Amino acid sequence: MVRQIPPGKVLTYGAIARMMGRPRHARLVGRALWGTPSGRGIPCHRVVNSRGGTAPGWDGQRNLLENEGVPFHRNGRVVLERCLWQPDGEPPDE
DNA sequence: GCCCTGACTCCTC
DNA sequence: AGAGGAGCCAGGG
């Protein structure tokens with residue numbers, strides 16, 4: 001699922017969990033990504049929490065996202081309103 | 001089997 | 001808007 005996230009877009013743990021029918025498994029998604037090997041085409045850096053916060057201990061994630069065009073708030077949070085990916089179809093630009 | 005911990009989320013102060 | 005507490009599921013000691 002994470003692999004389907006296009007560049008410039010992000011997904012939240014809770015969103016993924018709910019897509020899978022497990023709204024309470026947000027942490028499980030995180031732990032799953034924790035064991036996600038790099039180079040598998042799994043852009044785990046496109047996954048942030050509900051507040052748009054990047055993973056702790058992984059500052060490079062923000063750099064990768066910004067590099068893809070993901071807007072960030074001044075406090076270092078991702079602008080979910082602008083880059084939250086929706087597989088059902090992109091929402092209108094306002 | 002109990003207790004602590006964690007790439008989470010929500011509510012309240 | 002930042003900080004603290006509770007609920008959540010699974011893993012490890």
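First the proteins, then the strands, lettered A, B, ... as listed; each starts at 1. Because the structure is a prediction, the values reported are computed rather than measured.
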- Message: Under 4.5 Å side-chain heavy-atom separation, chaining through any Ile, Leu, Val, Met, Phe, Trp or Tyr, what else clusters with V79(A)? Say none if it is isolated.
- Response: none
- Who are the side-chain contact (heavy atoms from CB on, under 4.5 Å) partners of T36(A), not counting sequence neighbours? L33(A), I42(A)
- Residues in side-chain contact (heavy atoms from CB on, under 4.5 Å) with R31(A), at least two apart? L28(A), W34(A)
Show the distances under 3.5 angstrom between N or O atoms of the protein and N or O atoms of nucleotides 9-13 of chain B.
{"unit_1": "dT9(B)", "atom_1": "OP1", "unit_2": "G14(A)", "atom_2": "N", "d": "3.0"}
{"unit_1": "dT9(B)", "atom_1": "OP1", "unit_2": "S50(A)", "atom_2": "N", "d": "3.3"}
{"unit_1": "dT9(B)", "atom_1": "OP1", "unit_2": "S50(A)", "atom_2": "OG", "d": "2.8"}
{"unit_1": "dT9(B)", "atom_1": "OP2", "unit_2": "S50(A)", "atom_2": "N", "d": "2.8"}
{"unit_1": "dT9(B)", "atom_1": "O5'", "unit_2": "S50(A)", "atom_2": "OG", "d": "3.2"}
{"unit_1": "dC10(B)", "atom_1": "N4", "unit_2": "R51(A)", "atom_2": "NH2", "d": "3.4"}

- Whole Å only: how far is the NE2 atom of H73(A) from the P atom of dG2(C)? 11 Å
- Could you pull out the closest heavy-atom pair between V70(A) and C83(A), with the gap in Å? CG1-SG, 3.5 Å
Distance-only donor-acceptor pairs under 3.5 Å for side chains of residues 10-22 of chain A, two or more places apart:
{"unit_1": "T12(A)", "atom_1": "OG1", "unit_2": "A15(A)", "atom_2": "N", "d": "3.0"}
{"unit_1": "R22(A)", "atom_1": "NH1", "unit_2": "M20(A)", "atom_2": "O", "d": "3.4"}

- Item | Qualifying side-chain hydrogen bond (donor to acceptor under 3.5 Å, both in side chains) pairs, either residue in residues 54-74 of chain A, two or more places apart | H45(A)-E68(A), R46(A)-E68(A)
- Item | Within residues 35-45 of chain A or reaching into it, pairs that qualify as salt bridge (charged side-chain N to carboxylate O under 4.0 Å, His left out) - sequence neighbours excluded | none
- What is the per-nucleotide protein-contact pattern of nucleotides 8-13 of chain C, from the 5' end, where B denotes a base atom under 4.0 Å from a protein heavy atom, S denotes such proximity for sugar-phosphate atoms only, and - denotes neither? BBSS--
- What pair of heavy atoms forms the shortest contact from K9(A) to W85(A), and how long is it? CB-CB, 3.6 Å
